[in-house]
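Reviewing the structure listed below.
Note that this is a predicted model, so its numbers are computed, not measured. Labels below follow one simple rule: chain letters A, B, ... track the order of the sequence lines, proteins then strands, and each chain is numbered from 1.
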Number of protein chains: 2
Amino acid sequence: MSNYYSSEDKHFVALDCIIFGFDEGELKLLLLKRKFEPALGKWSLMGGFLKNNESLDDGARRILYQLTGLKDIFMEQLYSFGDLSRDPGERTISIAYFALIKVSDNDKKLAKDHGAQWLSIKDLPDLIFDHSQMVKKALAKLRIRSELKPIGFELLNEKFTLPQLQALYEAIHLEPLDKRNFRKKILETGLLDKINEKDRAGSKKGAFLYRFNRIRYEKYAEMGFNFQFKVRRNQLIKANNEI
Amino acid sequence: MSNYYSSEDKHFVALDCIIFGFDEGELKLLLLKRKFEPALGKWSLMGGFLKNNESLDDGARRILYQLTGLKDIFMEQLYSFGDLSRDPGERTISIAYFALIKVSDNDKKLAKDHGAQWLSIKDLPDLIFDHSQMVKKALAKLRIRSELKPIGFELLNEKFTLPQLQALYEAIHLEPLDKRNFRKKILETGLLDKINEKDRAGSKKGAFLYRFNRIRYEKYAEMGFNFQFKVRRNQLIKANNEI
DNA sequence: ACAAAAGTGTTGTGCGTACACCCATGC
DNA sequence: GCATGGGTGTACGCACAACACTTTTGT
């Protein structure tokens, strides 16, 4: 190894994951109680340290895998935090990632072994360090992404009903949406395939199941078509201002 | 100093600055020829290494100051890059920042002393490492910001004409804009104060000078009002998809 | 007088929004 | 038969886009 930069400082680099899930009609975060000092026993995001032999994205994936056992998860880098005193243990830079997982896929037992729990974003406890700030940014980014990319489907089962999808968007934006406008908007993208099958869990009548057609989406996206999953005017603007 | 994390790896953390300026009707980047190995003599962004005793933002400001001699510059963190082989010298994480400066403020002599040059974004050379990718992201972010925050004014003199402002927006978006629609949109924000004075550099008739009223902007922004400097439909959507 | 850029209003339309009733089923 | 949630269409208003002529002044 060369040593061009040997006189420069080196730093601890942490990777913290904001893990979103959708369950019981609520948007939730997977949080855990810290099992080591400093801040032992406090609520915290899932995190770990970057290793020499992995890229940032690989590191984030590894850390997520350690907690949930899941691979091939939607993840995106969010922002880097580096205030001097952000981690009282030692000077540490943290690069935050957010992830979307299907709660049903997540082995809840495994999560419990790690002391992890799904908590609703409507009622979060205080988090250690600057983790609350990270969550705030992650929510803003999620709102942007959900309007422009079909990532809502990362949080739902492969088959889902339109009322379920609407509930998810409402949970993300914390606002009720008009049923007719929502369905119109979503269906006119032409990306949902209706399945001749009903889910009767939510009502007596039962709601038709749909499947997101990823192939078609990617084909059109490659052609430069900009889909929108906008459910409310000005949401994009607000979220972009918060990030 | 404690040593909670002593068994973890430490890393070099670079800060690279994408510095935008507006001059001669074009959007430009301040680039320099590298004066050390690796990649000596190649075009590069302005960068440096994070020190132990500074935050990320402070480090970025310090590095910008070293090149331009400017303080109190608009800067914003962009993204962090950490592929294993991104810097062939040694494994280095880079946190990219973008900055907006008034070219006229920048002491061009000083820039030259550093081998720096303003190059039009329309005709950029290949940059070292992943710096071209950084520039691409910076442009997308600049497009978003320019539609939602009054940052165009960071690139212009305190007094400017509407044709100048329009030329700036056109340079940012690489598209011509309708004069009447642009003026209407910008003036109806109520954030520009007309000065009873003309700039005759651009034409015989001369164009009235305006000043951005930052005080008024901040007052209304605090009240939660979302200004828009949108000049074209769907620009926000495109830029958000690229970032 | 003419070239060159600054300045100025109106109209159409497409998109987002608001809104109310019938349907299918389990109990 | 009734309560519960699923499913459907239309009318209005606003914000964006398109568009052409007059003004000023230096040469």
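- Sequence neighbours left out, the pairs with a member in residues 182-207 of chain B that pass ring pair (Phe, Tyr, Trp, His ring centres under 6.0 Å) are Y169(B)-F182(B).
- Both the sub-6.0 Å distance and the 45° axial angle are satisfied by K71(A) relative to the ring of Y65(A).
- Both E188(B) and D178(B) lie close to DNA chain D; mapped to their nearest nucleotides by heavy-atom distance, the more 5′-ward contact belongs to E188(B).
- Within residues 196-213 of chain A, the residues approached by DNA chain D to less than 4.0 Å at the level of any non-hydrogen atom are G202(A), S203(A), K204(A), K205(A), G206(A), A207(A), F208(A), in residue-number order.
- Of the candidate nucleotides dC19(D), dA18(C), dG7(D), dG7(D) has the atom lying nearest to any side-chain atom of R183(A).
- Partner of F153(A) under the ring-ring contact (aromatic ring centres under 6.0 Å, His included) criterion, out of Y210(A), F74(A), F160(A), Y217(A): F160(A) alone.
- With hydrogens and angles disregarded, no donor-acceptor distance shorter than 3.5 Å links the side chain of K141(A) to the backbone of N240(A).
- At its two ends the helix from dA1(C)-dT27(D) to dC27(C)-dG1(D) runs along axes set 10° apart, each axis drawn from five pairs and the angle rounded to 10°.
- In this structure, CG of N181(A) is placed 16 Å from P of dG7(D), rounded to the nearest angstrom.
- At a threshold of 4.5 Å between non-hydrogen side-chain atoms, the residues M46(B) and D16(B) do not count as touching.
- The residue K185(A) sits close only to the backbone: its heavy atoms come under 4.0 Å of sugar-phosphate atoms, none of a base.
- When each of L162(A) and N234(B) is assigned the nucleotide of DNA chain D bearing its nearest heavy atom, the one mapping closer to the 5' terminus is L162(A).
- The side chain of Q228(B) lies closest to dC16(D), out of dC19(C), dC19(D), dC16(D).
- Note: W118(A) CH2 to L30(A) CG = 4.5 Å, rounded to the nearest 0.5 Å.
- Rounding to the nearest 0.5 Å places CG of L209(B) at 12.5 Å from CG of D193(B).
- In terms of modelled atom types and a separation under 3.5 Å, the side chain of E170(A) and the main chain of L177(A) share a donor-acceptor contact.
- Listed nucleotides: dT8(C), dT8(D), dA17(D). Nearest to the side chain of K179(B): dT8(C).
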